[in-house]
Student: 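Sharing a structure with you now.
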Amino acid sequence: MEIGFIFSLIFAILVAVFALKNADSVMIDFFFAKVQVSQAIVIFVSAALGAVIVTILGLVRQLKLTLKIKEQVRKIKKLEEEKTLLESRIEEIISEKDLKLETDSEVSNKENEIEKINSEENNDKNEIIDNE
């Protein structure tokens, strides 16, 4: 059993015993009338109203917490979607950078090949000139 339920039962038993020990009649003065009732009934009604008020306040608190949890879940979902979009954008940027590096590397290789060919041509020309 839940410990709160056990404490509630013990408290209810104590209130019942207290009310029965104090069963004398008392005069209750409302704003509009005076009533003579048993003190036990006043104690029981007061305890019951207190329990109802505590239950209502607990439900209101629980409702607020539930709404806050739903709001936080929505925020988490939105942030996860944003994170996914940013991760995909990072991957795009990295792939673009890699593509640029590959392109730069290819251009550099082509330039080296051209320089090599030019160098060979110059060497060939120099040999022809030397031979003449």
Side-chain angles (χ1 to χ4, degrees):
M1 280 192 185
E2 193 176 325
I3 196 160
F5 180 71
I6 293 171
F7 284 131
S8 298
L9 280 177
I10 292 171
F11 182 72
I13 291 170
L14 290 174
V15 168
V17 169
F18 177 76
L20 292 175
K21 291 237 179 222
N22 295 292
D24 299 335
S25 282
V26 290
M27 179 69 73
I28 304 294
D29 187 9
F30 290 108
F31 294 108
F32 51 86
K34 291 182 180 182
V35 180
Q36 181 112 8
V37 292
S38 169
Q39 193 174 2
I41 292 174
V42 172
I43 293 170
F44 282 133
V45 169
S46 297
L49 285 175
V52 168
I53 290 170
V54 167
T55 301
I56 290 171
L57 292 175
L59 289 174
V60 168
R61 181 175 177 259
Q62 186 67 34
L63 180 63
K64 285 181 180 179
L65 289 175
T66 302
L67 292 174
K68 186 160 185 140
I69 288 171
K70 285 182 180 181
E71 179 185 339
Q72 295 298 326
V73 166
R74 273 188 249 121
K75 282 183 180 179
I76 289 171
K77 187 175 180 180
K78 182 180 175 185
L79 290 172
E80 285 177 346
E81 289 172 356
E82 187 176 336
K83 177 187 170 206
T84 304
L85 287 172
L86 290 173
E87 285 175 343
S88 65
R89 181 65 182 133
I90 288 171
E91 288 176 9
E92 287 175 13
I93 290 171
I94 289 172
S95 64
E96 287 174 4
K97 182 179 178 184
D98 289 345
L99 183 63
K100 185 176 183 316
L101 287 175
E102 287 175 6
T103 306
D104 288 347
S105 174
E106 289 174 4
V107 166
S108 176
N109 287 340
K110 294 290 183 187
E111 287 175 347
N112 288 339
E113 286 178 23
I114 291 171
E115 283 182 26
K116 186 177 177 183
I117 292 171
N118 285 337
S119 170
E120 287 176 1
E121 285 179 358
N122 283 338
N123 286 341
D124 287 344
K125 284 180 183 178
N126 286 338
E127 280 181 21
I128 291 174
I129 291 174
D130 287 341
N131 286 339
E132 288 181 358

Student: If I compare all heavy atoms of A47 with all of V15, which pair ends up nearest, and what's the gap?
Tutor: CB-CG1, 3.9 Å

Student: Supply the atom-to-atom distance I90 CD1 to L85 CG, rounded to the nearest 0.5 angstrom.
Tutor: 11.0 Å

Student: To the nearest 0.5 Å, what is the distance between OG1 (T55) and CG (L59)?
Tutor: 6.5 Å

Student: To the nearest 0.5 angstrom, please state how far the CD atom of Q39 sits from the CG atom of N22.
Tutor: 5.0 Å

Student: Rounded at 0.5 Å granularity, tell me how far OG in S8 sits from CD1 in I3.
Tutor: 11.0 Å

Student: Identify the two heavy atoms, one from A19 and one from A40, that lie closest to each other, and give their separation to 0.1 Å.
Tutor: O-CB, 3.3 Å

Student: Pairs in or reaching into residues 69-93: which pass side-chain hydrogen bond (donor to acceptor under 3.5 Å, both in side chains), with residues at least two apart or in two chains?
Tutor: R89-E92

Student: Return the set of residues passing side-chain contact (heavy atoms from CB on, under 4.5 Å) with I28 (not counting sequence neighbours), or none when no residue passes.
Tutor: V26, F30, V37, V42

Student: Determine the minimum heavy-atom distance between D29 and K34, stating which atoms define it.
Tutor: OD1-CG, 3.4 Å

Student: Taking only residues two or more places apart in sequence or in another chain, which ones pass salt bridge (Lys or Arg N to Asp or Glu O under 4.0 Å) with K64?
Tutor: none

Student: Could you give the distance from CD1 (I41) to OG (S46), rounded to the nearest 0.5 Å?
Tutor: 11.5 Å

Student: Got a second to check how far K68's NZ is from T66's OG1, nearest 0.5 Å?
Tutor: 12.5 Å

Student: Taking I6 as the starting point, is it possible to reach L14 by hopping between hydrophobic residues whose side chains are less than 4.5 Å apart?
Tutor: yes

